[in-house]
Each structure stands twice: as C-alpha cells, then as structure tokens.
Novice: 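Sharing a structure, written as structure tokens. Questions coming.
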Amino acid sequence: MSFTAIAVDIILNSLVLGGVLLIVAIGLNIIYGLSRVMNLAHGSLYALGAYAGFTLVASGLNYFAALLVAPLLIAVVGLIIERVIIVPVRKRSIVYTLILTYGLMFFLDGLIKYFWGNEPRFIELPQFMRQTLPIAGTHYPVFRLVTLLTTAVAMIGLMLFLGKTKLGIILRAASSIPEMVSCMGINMTFVHAGAFALGCVLAGIAGVISGPLYTIDPIMGHEMLISSFVVIVIGGLGSLRGAVLAAFLIGLVQTLAEFFVTDLAMVIVYMMMALILAFMPRGLLGEGRFE
Amino acid sequence: MTTILSTKSLHKHFGGVLAVNDVNAEFKARQLRSIIGPNGAGKTTFINVITGKLPASSGAVVFQEQDVTNRPAHVLVRLGICRTFQITSIFMGLSVFENVRIAAQTEIGGSLRVFSAREGLKNVNTKTWEILHRLELKDKADVPSNNLAHGDQRLLEVAMALAGDPKILFLDEPTAGMSPAETEHIAQLIKGLTDTIAVVLVEHDMDVVMRISDEITVLDQGRIIAEGSPRTIQDNELVKEAYLGHG
Amino acid sequence: MSEMVTKRRSTHPMKIVALLIVVTCLTLFPFVVTNRFYISLVNEMLIYGLLAMSLDVLLGYTGLLSFMHNAYLGLGAYVVGLFLIHVAPSSLWLALLAGVVVTSVIALPVGWVQVRTGGLAFALLTLAFGMMFYTIVWKWYSLTGGDDGLMGVPHPDIQVLGITLGSSGNPTTMYLLSLCIVFICFLLTWRIIHSPFGAVLEAIRENEERASFVGINVRRYKLYGWMYACMLAGVSGGLFILYRGYIGPTTMSAFAGAGVLMMVLVGGMGSLWGPIVGAGIFIFMQDYISTMTEHWELFVGLVVIMLVLFLPRGFIGLGDYLTRFRKE
Amino acid sequence: MKKAFLTTILCVIAGAFLMVPNQAIAKDPVKIGVIVPLSGIVAQGGEEMKMGIQMAAEEKGTLLGRPIELIVEDTQVKPPVAVSKAEKLVFKDGCKALIGVFSSGVGLAIAKNIDRLNVPFLTTHVMTTKFYGLNPLVFRSGQLANDQTAVGNVKGILATPDLKDRTYYVLVHDYAWGHDAGQRFVDLAKKNGIKIANEDFDKAPIKTKDWSSYISKIKASGADGVYIALITNVIPVFAKQAYDFGIQKYARIVSGAAPGPVELEAGGEACVGIFGASDWCWDVDNPISDKWESDFWKKFKTIPSDAACHSYVGAMNLFNGIEKAGSTDPQEIADALRGISFNGPYGEVRISAKDNCMRNSAVLTETKLAPPNPYDAKIYMKVLHTFPAEELGPPAKWN
C-alpha cells in the first residue's frame, strides 16, 4: 500500500472520529453555554440514541428515517429529564447538578442494560452503504463517508439554526447576556428547555451514526463522555468554535497515536490536554465568559 | 495631598465594545472620590479593572508609584486595594464574626497554621472585634450571615474590606437597596473612613454623592467627561447632557 | 454552597464520649465476630471511609468536586504494592511512606493544572485525569499487570519500635492496623479542618471571588487542599493493598469513583464522620445487594438522584431533620 | 412535609432491602461457587457457561446424597473483582468448590489466592498455558489450552490450501490470554514456515470499539491473512468493521478462539469465513453430542455453544470427583479429580494426574452459512478437520 493511500486512510479515519466527537461535544457545550448545566448523562443519552436507532432499524425503518426519528425521541427524553430532575436543582450550586447528572448517567446505563441487555448490537445498513469506494489507492467504506457527510450536514444545520433563525438568535443572546434576555421578556424556562432539547438531538444523531461505526453496548457512552470533556475543555468551555478545533485535533492525534504507538493512544491524548491546559487554562479559544 | 493610585490611559474592551476608554484618573489619599455616570457608562468595569477582577486591555494602573496592572486580586488586596461589590458578596454560610475574622486572618497571617485552633489567633480576634465594634455589628457576631438583613449584609461586606487594612477602598453602590435610615448611617461611616484612607464610591444616590464627596468623576461611554467638586459637576453642561441624553 | 455547611463548631463533651464508644466497639469487633469475611468487610469500610473523608475535605470543605478520587487510592495502592514486590518485601512503614510520597508527587502537577482552570473545569478534569491514570495502569502491563491486576503482594510483619505485632496477612491484625491509622487520620483531619487553614478552605467553598478579594490566593489554597486530600487517599490506598494483597484497575474506574462520591453524599458533606458512615452503609449495601441484583448501576444511579433532590445533606442532614422534627 | 415524606420512603426502601431474608437454607446442600462473567464484554459467554453448569447439576441431582446448591457470582471479567467474589463464596457462603471462570487473568488471580481459599478450583474456560501443574487444588477441564489451539490452528493452516501460503497479521486483545495466544501462534507458525507480517504483534485494549486504525495497519502491512486472538464477543465486531473496509475480499481470518455461535448471528455475513480450532461445535457428530445438543435446546431455547458444552463437561468432572472422593474435603476432592475421565459430547476426556489439566481432541472449523437446523442458526461452524488429543499435546515435560 502506498504512502498516500495510508495517509488518506488516516486522514479520513481521523475526520470520522473527530466528527462524531464534535457532534457529541458540541451538544454538551450548547447545553452548558445556554443553560449552565454540565450534563454528565450526555454520554448515556448518546448511547440511548444508538439503541433507539438500532430498535427503529431492526423494526424495519429505513436507516435515514431512523437518523431523523431517533434524535427526536432522545430530545423528548431529554426534555422530560430537564423538567423533572434538573429544574429543581438549577438554583443550587453547580456541584449538585454535576452529581445529579452523574447519578443520572448510571441510572440511564442501568436502564439500557435492563431493556436491551448486555450483548453488542449492530445497526443494519442499506446495501449500497456496505460497499467500499476506491479513493487514492485505498478502499474506503461508503457508510463512513456518509457518516462524514451527516456530520457536515448536522453542523451546517446547527450553524444556520443558531445564526439565521429567530429561535437560534434568541438562544445565543441568552447565552451571553441572560439578564438582558429576561428583560426583553423572553422566557428563560423556554431557553433552558430548548437548549437541552437541542443538545439531545445532537447526542441522538451521534448515537445513530456511531451505531454502524462502532458497536452499540450499554457503556458506549462513558468513553464518549470523557472524550467530549476533553474536547470542550481543550476548546474552551462554552466556545463552539473551540469545540470544532479541539474535536478534529483530538481525532487526528488519537488516530495517529493508534496507528503508530497503538498501546498508549489515549494516554497521549490526555497528555496533550494537560499540556494545553497548563499553558492555556481556559482552553484554546475559551474566553472564560462562562466561568 | 499625595496621589495614592492612578490610571494611565486605561482601556478595556469586550469584543468590539469599549467599556473603558482611555481613562486617566488620580485618587488621592484621605479623599472621597465618587464615580458617577449613566447606566452602562463603564463605572463598574473601571473599578473591576483596577481591583484585578478583569484584565486591562491596555494602559496601566499605578499604586504608590508601583505598576500593578493586571496583578491578581489577592495581591492587590495585600497591597491595600480593597473593594465591595454591587451584588453583596460575603461568605453566606459563615457567621458574621467568621466572615470578618477570615479577612483579618489573611491580612495578619497565620493561615498556614494547620495544627492550632482558628479561634486561637489573638491578634486576629482583637482586630475582628475592633472592626465589628466600629461598624456596630458586634451584637450580631454569631449570626449566620445569610440570616442578616440586607442592610447589615452590605455593612458586613464593608467590614470585611476594612479588615484587609486598605489604603484605598472601592465601594460599588454600597447603599443599593437600603432604607433611608441605613443609607444615612452608611454615608456617615464612609465619610468617617476618609480620616485615614482613600475611598472611591460608585453610587447612584445623587443626594449622598453630592453631600459626602470631596471630588467627583463623571464617566460616560467609558470616558471621563468631567471631574471636579460636587458644585462644579452639578453645573456642568456635559454632565447634564449625558444624563438626559441617555435617559 | 451554604447548604453543605454544618454549623456545629464547638466540641461537645458528649461527642468525645461518643467517639470513644465507637472506637472501642470497632476495636472489639474482630474479637466478637471471628468470621474473616466480616472482619475484611468492616476493614474495607474503614479504608473507604478514610477515602470518603479525604474527598469530603475537598468537596465539603473546599467546595471542589473530584469525580475520581479513587484514582489516588489506586495510585497509592499500586505504589505500595510495587514497593513491597520489587524493593523491600518486609518494610511496611517504608512502603506506606513511599505510597504517600509518590501519590503526592503525581497529584501535584495534576492539581496544579486543575486549579488553574476554575471550578467547573476542575471537576471535568478530575474525570479526565482519573481516566488517564486508569488507562495507564491498565495499559502498563509489564509493571502493573494490566487488567489481570497486581497479584501476590507480600504481607510484611507489622513492627512498631522493633516489636512485631503480627503479620499484615492476618485479617484481625490488619484490621487493627487500619483502624489505628484511620483513627489517627481522622483526628489529624479534624484538627486541620478547625485550624486557620481550614477556615481559608471554608471561605473558598463559600465564595471564591470574595475569598480572593479578602486577599486569599485561592489557587494556592485549593492546591493545598487538593494535596492533603490526595495524601490521605494515598494512605487509604496503602492500607487497601495491605489488607487485600492484590489490586486491579477496576478500583480506579469511573464507576468506583461514583461510589466514593455516593459515600460522601449518603453520609453528608462537610462533617468528616458523615462520609465514614456513608462508606460503611455503601459497602454494606454493595455486598448485600450485588448478590441479589445484577442491576446494581440502576440502584446506585437512583439513590444518587434521590439524595441530591431530597436529601442534599445526606445522613447528617437526616439526623438534623429528625432532631428538628422532634422539637416541633 | 414533602421532604419528610420522601425521606421516610427512602428509609423504608432501604429497610426493605435489609429485611429480605438471606436465601432460605435448604437441608444442608453441597454448595458450589460458580464464578462467571454476567456483566461487561463477555456476559453472553458467562450466561452460556452458567447454563452448562446448571445442566450438569440437574443431571447429577445430588452429591453425596445431599442436594447441589449453585451460588453464582459475577466476575465482571475483572481479576480483582473475581478474587473478592471468590472470597465471599468461600468464607461467607461456605462453598466447597469453585467452578467456571472466563479469562485467563481471572483464572490466574484466583489460582494465586487458592491456598488461602483452600477449596478445589476447576476452570472450564481458561486457555493460558500457565495452568499446567500450577497448584494441586487448581484444575483445567473444558476449553483447550493456548498451546493446543495454536497447534490446532497451525496444523489446520498447513492442511488447508487456501490458508497455507498466506502472510498473517497478528492482532490480540491486551491481557494475559491474548498475549499468550499471540506468542504461541507466532512461535509455532515461524517454526512451520508460515509467514507472519508483524512478529511484535498488536495488542488492542479490550475496550476498543473503533478498529479502523488496526484495520488501516493491516491494510498497510500487505498481509493477506489475519490471526486474531480476541474475546469471542468482539470477533463479530471486528469482522464487521473489517468487512466494511473490504478486508475479507482478499484476506482470510483465523481466530485463536473459535467464535461463539450466538455472537456469530449478530455479525451476519461479515462473520462467514473465519477459521479457528475449538474442542466442540454443534456440527460435531456423535450420539452423545447430538443428545446433549437437543437437551440443551429444549431447556434453554438458545443455540448450544462450546462455552456451554465445556462448562458442562467441567462441571460433570467436578461432580464426579466429589462423588469419588466421598467427602467435601478439599485435598480429597483434588486427589479424586486427578486422573478422572468422562465420556461427554466431545468424546472421552481425561484430567491428567501429572498437571491437573484436561486432554481432549479438537476440531478445526470454518464459519459458513448454516444448512437448515433445529436452532434457527444462520451461521455455523463447519468441522474441517479433527485432531486427536495426542497430536495436540501439551509440552513434553507433562507427558
């Protein structure tokens, strides 16, 4: 295999990994930025999204339809969670929210185990996505390319939503100057719930696309949660552009590390995080606005 | 009178918005200077930059001929630049005595004595009682500070700032939300502080400002538009315009 | 954070009496119940009690959340175990010292990075760094035995001033050693928490901004608090490996970290003894319930949620509540 | 009041947990501790092992005239957890023997503590070669050892034209068994002239979900064969991802541990064409095997797997050993187990008196689309060759 072919493989792999990381992390970051809740159960919602996708596809739904429906289901679950257990602690110290959502994470994992059991699950893909596509001397799976495309579409959609729609503009305004928004008569309850639902939609999308990418198992969310922390801490808490930068940086570093040193791949990622934070405590693009 | 603290062409911007624009101010020892201006004039931002809550974008803060720009807050406090906040900031879960005691302990020292009882630091206790006495909070020493009335909480914050032995004290709207009687009490107290230290007052209550200030600085859109005695400020056309123009 | 505070400050004589009674009962326990399984179980409660107490120094007194404090128990345990295997199989005190020193040396740069980033990022970073240690321990097969764990750690004799008190392999002797060290650590921590230093930590917990505006170097004191908590965790790790004789990376996993957090929550933050009681309850429940249900995670999650929503001050909160209830 | 109410509820729930009585004590049963993984990555295998042991216990009915009580504990495939579970089973519950164990790490950990536990310990699913003559109380009965599978696989590769002239990329799971299996295969393959692409083989973390980096490495190495020693549940995961990258189009996969039939179903067509040596699969044809299969299917309604089968064989050996010893004394049971033999689904098996490990024959299988079968399996392991026990040998020093 030629050098270019290997390089193309590595670059595509790191883009796919970075893309999934980005969607999960940016959902987490939006919830935090807009409603000041650090949701540690976000990884479990992502897992739930994957299981929802699995069940929908297994019951005969088209993969792309599942990609639309499952995130909405997760959004509903997220709204229920937000209304029922997050609202009561919103006024308390953030430590309580952290602990509460940490408990929620284990609860959701337990629930997943209870309903779907322990065995790994796979989302069946339509036949055309099971092919490989020759690119620069390598054969790359079509569905991985579709995954990349989905990531891009989701991100562009998110940008348009936040930048162009009235709803998105309100949400963004609320994140920078909450006092002003409540002066303008916008209901903060709506902003908080909206942010949570939006984050959950993203978690759901990530869940469905990583179904065929990896395996679906009850603890798939744990690793993803930690990785998305690394992303948003490196990128800067609450900074969306920072998250994009950090996600692809980590995707690349992790893929390279797995290819060349294999054994200590994750350790290298953590070390990189520690180094970046030692010199930039607020992350790459963090302004410390949300501190 | 000697200048104790001055700013040299101080700037602070948030993104594209200039909140503090080329401010050169001087604060003199044993003088009460008020900073006034319409809402959003950059008063709080200005003292946030001086006291180390926010980093300056450019310019310098000079304290006793020493450049202290962008030093961390705790260093400035140890040098003698203390402050209170617009929104009461005290240790809510602790008693009134403990609130002031910690401030005094930090100033006097002994924070690293891990094997002695905290009640055992004699100098700290003496100083704490002295300040509580001076601010008439002595009777409430054992009350948890979250149970205090709003006025007393504001007063407690002043007490904590005083425990740091300030050379210059910044008070951000100390009378906000107080009854007329409480306002009068705290106004007298502030006036009395200038016997020994410099006080900088950010205040909306014009009555108080005009009555107790030695000098007044008027900020509008991050710039100083007027400076001088209460009388000259009252007659200044620019000031009237600034207040009326912005409502 | 004011909800976390216990206002009791004075040392009531009854408290000292109660403490003495508890310690006496614990001392007599292995002579009354001779089944080695139960002696080991209570020993584990004591060790995790020490760990939970050290987390309480961070969470309940400094207001810092560490999701994976168990990582430092694990580090301490691995260091002591490796020291006993490779360096000196018979020097128990030297091994414990090495455990504490190495744990501190590792915790220092981690803490330094963590305190620079502020409160929320601090909590997230404890998780990320915890996972890093977990990954390293789990990957460094040649040193730690990876997933297979560190097995066959020798059981040195316990010697004080040249007198041999017994082997650490004997459950009863080891139990008494743990009890003794946990008790000393408890007294030491109690002293430190009530010192001027403890007052600074409390101030940081109550209002970080105000703390820096009365002249406290917040980052530095957070780091001191962190270091002390990690040292105690190192001690608990040393005891853990001595009593178990083996350790695996599971002890350092995120799930185990949630367990430690839950011990503190169950017992109640900001009281030192509450978390120790919490550890006892937690380990008892774990032993009891995990044999009955495989859905242990569901249970842990539910209890944590319930505690935060309805009983934020844990076991002590319940005690206070009942006292008030009776008065009414 | 709301708080008071909820607090009370919480207390009542906690109280209820404490009030549930410990298992009602039957009339002095012989307690056997079953240590299997019921959560984590190999929970499926653990379930199957449990079924096999249950089947043996029901077939036996009683031991020494007393009922058999199986107490099952979940190891989570984590050695330290397993040791504390073993301690609990022996010291608290009073089990007279321990059986089960998936994963060499877990097996070795318990073996290291066996003198303290002081009960016979019989593993049914441990493959490490370190078990030969490890401890008088420790036995292996059931699964083949790594040296035996390596021999089986190498012999199989040499005997199969499609596999013979390929270059193999070796990828193992990063723990005791994976390391051992990988090393054994590499050594033996080199001796027999089979080409290896990476002698310093890859060790992937057990948690690995995204195999794309490893697959890129396989592609980059130019190998046209892959030797994997992965935990059986992961085989379909790996196979599927490799399939997506088109690896199966030009390369053949040989597996150190034959994949379990239930997992194969999940992998679908991606799992076709995986070779591997095993002791048993339902394609094995003999009357005992056929009867066992149908009994198993009737009882559990799940495809009979090798994990269930050799756990059954192991449990039968243990129970027969206890009967033969005539007591529950650990040393007497151990003495009785040495040299014991049993004629089960995969023929006559014998626990060697020299090294406490079992000798049995093996088969080389290839996964194929299944013919019509009573278990509704879509994929099955077809027997290609059978190797008698003598050919697989353990090292000469034990024979």
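Hydrogens, waters and symmetry mates play no part in the numbers below; they use all other heavy atoms, side chains included. A, B, ... follow the sequence lines: proteins, then strands. Residue 1 opens every chain. As the structure is a prediction and not an experimental result, all values here were calculated from the model.
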Novice: Heavy-atom pairs under 4.5 Å with chain D: which of Q131(A), R144(A), E223(A) has the most?
Specialist: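 The option with the most such pairs is R144(A).
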Novice: Of all heavy-atom pairs between A220(D) and I6(A), which one has the smallest distance, and what is that distance?
Specialist: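 Closest approach of A220(D) to I6(A), heavy atoms only: CB-CD1, 3.6 Å.
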Novice: With a 3.5 Å cut-off and no angle check, do the side chains of N13(A) and S216(D) form a donor-acceptor pair?
Specialist: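 Side-chain D/A pair, N13(A) to S216(D): present.
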Novice: Measure the OG1-OH distance between T208(D) and Y214(A) for me, rounded to the nearest 0.5 Å.
Specialist: 12.0 Å
Novice: Are the side chain of K219(D) and the backbone of H139(A) linked by a donor-acceptor contact shorter than 3.5 Å?
Specialist: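 Confirmed, K219(D) side chain pairs with H139(A) backbone.
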Novice: Quick one: CG on L256(A) to OG on S213(D), what's the gap to the nearest 0.5 Å?
Specialist: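 It is 9.0 Å, given to the nearest 0.5 Å.
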Novice: Nearest 0.5 Å, please: how far is OG1 in T255(A) from CG in D210(D)?
Specialist: 7.5 Å
Novice: For L213(A), does its backbone N or O pair with a side-chain atom of Q241(D) as donor and acceptor, under 3.5 Å?
Specialist: yes
Novice: Give a yes or no on this: more than 12 heavy atoms of other residues, nucleotides or ligands lie within 6.0 Å of atom OH of Y114(A).
Specialist: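 It does not: Y114(A) OH has 12 such atoms or fewer within range.
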Novice: Side chain, backbone, both or neither: which part of Q254(A) has a heavy atom under 4.5 Å from chain D?
Specialist: neither
Novice: Run the side-chain hydrogen bond (donor to acceptor under 3.5 Å, both in side chains) test against K209(D) and tell me which residues pass, sequence neighbours left out.
Specialist: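 Per chain and number, K209(D) pairs via side-chain hydrogen bond (donor to acceptor under 3.5 Å, both in side chains) with no residue.
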Novice: Any chance you could measure D244(D), atom CG, to L125(A), atom CG, to the nearest 0.5 Å?
Specialist: 7.0 Å
Novice: Testing the basics here: between T132(A) and F245(D), what is the closest heavy-atom pair and its distance to 0.1 Å?
Specialist: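 For T132(A) versus F245(D), the nearest heavy atoms are CG2-C, 3.8 Å.
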